[in-house]
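Residues take their numbers from the sequence shown, with the count starting at 1.
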Amino acid sequence: MGDEPDHDSGHDLAGVVRGHLVPGVRDVRLDFTGLTRIDPLGPAALLMPHRHTSAVRATLHLDNRPEALERVLRQTGVLAHLTAPAGGHRPPT
């Protein structure tokens, strides 16, 4: 994922994730390798894909998170929510 997630790209990202949610899919991986910036609305752009994966009990994985993304996810309080396994069990912190 080379482009920064923001409000506009969030709709596109949600559409891509929905397209991969076929029966039997239990994991969806978003790779943030190459991400150099994060828009302040970036975490909000990730909430919709998370909502779609959760609806089918699939786990959304945010792979290769750069420090900038990690920091804004922690500051906004959505890191644990976005990285919780399907079914609502949270990983230990």
Side-chain angles (χ1 to χ4, degrees):
M1 180 166 199
D3 295 331
E4 66 179 290
D6 59 21
H7 178 71
D8 295 329
S9 66
H11 295 291
D12 296 336
L13 181 59
V16 170
V17 167
R18 273 193 320 270
H20 285 85
L21 294 176
V22 296
V25 169
R26 292 290 160 235
D27 295 283
V28 173
R29 304 192 92 80
L30 298 180
D31 187 351
F32 291 93
T33 300
L35 182 75
T36 56
R37 297 181 334 137
I38 182 73
D39 184 274
L41 295 177
L46 298 174
L47 290 172
M48 188 57 71
H50 180 266
R51 192 170 298 145
H52 292 302
T53 56
S54 294
V56 297
R57 302 186 65 75
T59 299
L60 179 65
H61 300 272
L62 308 178
D63 296 337
N64 302 308
R65 295 187 303 264
E67 182 56 37
L69 178 58
E70 190 79 17
R71 184 175 47 256
V72 76
L73 291 175
R74 287 185 189 282
Q75 288 173 342
T76 57
V78 298
L79 179 63
H81 176 71
L82 290 174
T83 58
H89 301 290
R90 296 193 186 280
T93 55

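- Closest heavy-atom contact between Arg65 and Leu62: NH1-O, 3.0 Å.
- Arg29 pairs with exactly one of Asn64, Asp63, Thr59 by the side chain to side chain donor-acceptor pair (under 3.5 Å) rule, that one being Asp63.
- Distance check, rounded to the nearest 0.5 Å: CZ of Arg51 to CG of Leu82 gives 10.5 Å.
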query = side chain to side chain contact (heavy atoms under 4.5 Å, CB included) between Met48 and Leu13: does it pass, once the steps are laid out?
reply = CA-CA 8 Å; Met48 188 57 71; Leu13 181 59; over 6 Å; no

What donor-acceptor contacts under 3.5 angstrom involve side-chain atoms of residues 19-27, with partners at least two apart or in another chain?
residue: His20; atom: ND1; partner: Val16; partner atom: O; Å: 2.9
residue: Arg26; atom: NH1; partner: Val56; partner atom: O; Å: 2.9
residue: Asp27; atom: OD1; partner: His61; partner atom: NE2; Å: 2.6

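- For His50, the ring pair (Phe, Tyr, Trp, His ring centres under 6.0 Å) test picks out His81, with sequence neighbours left out.
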request  = Just do the side chain to side chain contact (heavy atoms under 4.5 Å, CB included) check on Leu73 and Leu46 with the steps written out, would you?
outcome  = CA-CA 10 Å; Leu73 291 175; Leu46 298 174; 4.3 Å; yes

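- Of the inter-residue distances, the one linking Leu35 atom CG with Leu30 atom CG reads 11.5 Å to the nearest 0.5 angstrom.
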